[in-house]
Amino acid sequence: MSRLTATLDLLSELTRWPSVAGQLAAQRGLAAWLESWMVEQLHATAIYPVNAQPAETPPVVHVRIDTGASKTVVLYNMYDVMPANDAGWDVPPFTGGVCHWDELGDVFVGRGAENNKGPVAAMLILLRELLQDNQLAFNLEILLEGEEEIGSGTLRRYLAQQPCPVAPAEAVLFPSLCEYGGGAPRVYLGFTGLANGRLSVTGGDWGGPSSAIHASNAGWIANPAWRLVQALDAIAPASQSGVLGYIAPDDEATGLLTTLAQSFSIDDELRFRRSQRLMIAGDTVTCLQTLLGSAVLTLAELHSDPTGGRGVIPYRASAELAFRIPPDFDQDAMISAAQQRLTQPDLSGTTLELLDRYPGTRFRRHARGVDELIASYQTLGADPQIWPWAPGCAPAYAFAAIAPAFLIGGLGHGGNAHAVNEFVTLTGLERFQQSLSLWLTAFNDPAFGRVAPHQGNTREVPKQNITGNNHEESR
């Protein structure tokens with residue numbers, strides 16, 4: 001059986017599990033299946049057995065492959081995916097299958113094909129091959145979680161234990177398809193922080209209705225939905241599309257962005273979103289600085305109770321939201337400012353509940369693993385873009401005590417993540433495995449000893465933001 005055939009077979013198996021937030025039985029079933037597969041196929045040891053974990057949360061799959069080496073590498077990934085129904089898909093999203101598209105050739109279509117079951121399947125098949133051929137001269141720790149799309153709460157609490165259940169390592173890699181849209185791959189030297197929450201207004205708390213009443217009373221009865229709109233605009237003006245503040249990137253970050261701007265095209269970046277209004281202006285460097293330096297409040301959902309009542313004044317209104325804050329920003333101060341504004345008399349009755357949060361983080365350009373990732377791309381003819389940090393969020397800070405760098409990396413072209421007809425090209429799966437093999441085997445060089453984790457970090461790991469409840473909001 002060829003490597004690609006084995007990868008597609010495994011991807012088909014993973015796809016059939018609807019491991020969406022809220023479908024706990026499917027998530028736990030897939031976690032147990034993945035653990036069993038790695039124990040049997042990779043001869044791994046389960047460090048935190050799925051069947052020993054609390055029943056109310058998606059399990060963290062943690063296995064170890066001990067080769068007796070003095071060095072360790074950590075591979076992190078996810079098994080949760082976004083919701084989907086069959087409408088508009090070429091094949092059912094939780095069945096998946098190979099299609100031929102004129103513009104891309106052969107592709108595997110299914111929920112998670114790009115984000116991130118495709119990379120998980122490709123990673124596991126490659127590891128089996130490398131281990132069978134004795135091509136890995138180091139230990140491996142593999143962590144797969146089921147809450148990446150909703151904040152990684154269980155994983156972050158697991159890693160926060162003392163002592164940490166994961167061994168100190170050379171580097172941590174989140175294997176993913178990073179030739180976004182088929183373009184140049186990216187290397188991110190950090191990640192944006194995230195704080196999910198819910199803003200609520202209940203009528204009975206400030207003089208509005210305590211139960212739904214007929215809309216004919218709108219001329220003299222206050223409406224919680226309007227109060228919610230007022231509160232949102234007060235903490236994150238609609239005219240700024242939710243931007244809360246801006247911090248100018250430091251000299252190191254600006255230098256990286258200046259180099260990036262020489263090859264980066266905003267038009268190419270937005271080619272799938274040409275109808276969208278661009279909220280920033282200026283030259284490419286300025287636009288990149290604004291993108292990365294902006295703290296933003298994003299809105300995911302707006303609700304009123306009761307739902308579907310056009311002819312009533314609701315008794316409650318709420319917004320599911322997220323603070324997305326760059327690593328050099330004071331996350332606590334930003335959230336505190338919003339909370340303080342909501343305590344003012346004109347917004348009485350509003351409540352901001354933080355459900356989960358973690359800070360952004362950065363690491364050094366030459367931290368162990370970064371040059372190896374860049375070299376793996378260049379060997380395969382790709383010229384990577386280097387970003388000081390990602391505009392997207394990831395719980396990278398939780399790994400700061402384990403290794404100097406938390407990288408997301410891998411070649412390969414996929415697309416439509418979170419959308420209809422999510423896909424990965426078959427050539428992209430093969431390219432991904434080639435790049436991952438190059439990155440992994442770079443650590444076989446005996447000249448490289450383990451770098452102490454604290455030597456690789458550019459700043460202290462924030463002590464706050466490690467608690468929070470699981471929830472079901474999409475990031």
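Along the sequence shown, residues carry numbers from 1.
Taking a cutoff of 4.0 Å between a charged side-chain nitrogen and a carboxylate oxygen, Arg431 and Glu179 qualify as a salt bridge. Using a 4.0 Å cut-off between charged side-chain N and carboxylate O, Lys71 and Glu170 make no salt bridge.
The main-chain N or O of Ala300 is never found under 3.5 Å from a side-chain atom of Glu320 such that the two would form a donor-acceptor pair. Looking at Ser36, its side chain never comes within 3.5 Å of a backbone N or O of Ala32 through a donor-acceptor pair. Of the possible donor and acceptor atoms, none in the side chain of Glu422 sits under 3.5 Å from a partner among the backbone N and O of Ala419. The backbone N or O of Leu14 sits nowhere less than 3.5 Å from a side-chain atom of Tyr79 that would complete a donor-acceptor pair. Judged by distance alone, the side chain of Asn77 and the main-chain N or O of Pro175 form a donor-acceptor pair under 3.5 Å. Distance alone, capped at 3.5 Å, is enough to place a donor-acceptor pair between the Asp330 side chain and the Ala333 backbone. For the pair Thr192 (side chain) and Ala390 (backbone), a donor-acceptor distance under 3.5 Å is present.
Shortest non-hydrogen contact noted between Pro54 and Arg28 is O-NH1, 2.8 Å. Listed here is the closest heavy atom pair of Ala137 and Ala69: O-CB, 3.5 Å. Annotation for Ala171 and Gly369: closest pair CB-CA, 4.2 Å, computed over non-hydrogen atoms. Residues Ala319 and Leu299 share a closest heavy-atom pair of CB-CD2, 4.3 Å. Nearest heavy atom pair, residue Gly97 against residue Val91, reads N-CG2, 3.8 Å. Contact detail for Gly410 and Leu373: the closest heavy-atom pair is N-CD1, 4.3 Å.
Judged as a side-chain contact (heavy atoms from CB on, under 4.5 Å), and not counting sequence neighbours, His43 has no contacts. Partners of Thr5 according to the side-chain contact (heavy atoms from CB on, under 4.5 Å) rule, which considers only residues two or more places apart in sequence or in another chain, are Met1, Ser2, Asp9.
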Open item on the list: Go through it in stages, so that I can follow the logic: the residues are Phe323 and Gln331, the test is side-chain contact (heavy atoms from CB on, under 4.5 Å), and I'd like the CA-CA distance, side-chain angles, deciding distance and then a yes or no.
Closed with: CA-CA 9 Å; Phe323 295 87; Gln331 186 187 70; over 6 Å; no

Open item on the list: The test is side chain to side chain donor-acceptor pair (under 3.5 Å); show your working for Asp90 and Trp101 and say whether it passes.
Closed with: CA-CA 10 Å; Asp90 288 2; Trp101 290 352; 3.0 Å; yes

- [ ] Apply the test side chain to side chain donor-acceptor pair (under 3.5 Å) to residues Asp356 and Asn196: give CA-CA distance (whole Å), side-chain angles for both, the deciding distance (0.1 Å), then the verdict.
- [x] CA-CA 5 Å; Asp356 207 355; Asn196 284 299; 5.9 Å; no

TODO: Dump the intermediate steps for side chain to side chain donor-acceptor pair (under 3.5 Å) on Thr7 and Gln433, then the final yes or no.
DONE: CA-CA 10 Å; Thr7 300; Gln433 288 170 321; 2.9 Å; yes

Task: side chain to side chain donor-acceptor pair (under 3.5 Å) evaluation trace for Ser376 with Glu372 - done: CA-CA 6 Å; Ser376 74; Glu372 290 79 2; over 6 Å; no

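Donor-acceptor pairing under 3.5 Å is recorded for the side chains of Ser200 and Arg316. Under the 3.5 Å distance criterion, with hydrogens and angles disregarded, no donor-acceptor pair is assigned to the side chains of Asn421 and Asn416. With no hydrogens or angles considered, a side-chain donor-acceptor pair links Glu149 and Asn115 at under 3.5 Å. With 3.5 Å as the limit, one finds no donor-acceptor pair spanning the side chains of His413 and Tyr180. Judged by distance alone, the side chains of Asp80 and Ser19 never bring a donor and an acceptor atom under 3.5 Å apart. Using modelled atom types, one finds a donor on one side chain and an acceptor on the other under 3.5 Å when comparing Gln385 with Trp387. A donor-acceptor contact closer than 3.5 angstrom links the side chains of Tyr188 and Arg186. Side-chain N/O atoms of Ser152 and Glu145 include a donor and acceptor closer than 3.5 Å.
For an aromatic pair to be called close, the ring centres must be under 6.0 Å apart, and Phe406 with Tyr76 satisfies this.
Each of Arg365, Arg362, Arg364 was scored for a salt bridge (charged side-chain N to carboxylate O under 4.0 Å, His left out) with Glu252, with one residue passing: Arg362.
Pro395 places none of its side-chain heavy atoms less than 4.5 Å from the side chain of Phe191. Within the 4.5 Å cutoff, the side chain of Ile142 has no heavy atoms near those of the Val61 side chain. Looking at heavy atoms from C-beta onward, Leu411 lies out of side-chain contact with Gln434 at the 4.5 angstrom threshold.
Listed by first and then second residue, the ring-ring contact (aromatic ring centres under 6.0 Å, His included) pairs that reach into residues 119-138 come to none, sequence neighbours excluded.
Between Phe443 and Trp439, the ring-plane angle classifies as perpendicular under the 30° and 60° cut-offs.
Note that the CD atom of Glu114 and the NE2 atom of His418 stand 8.5 Å from one another [nearest 0.5 Å].
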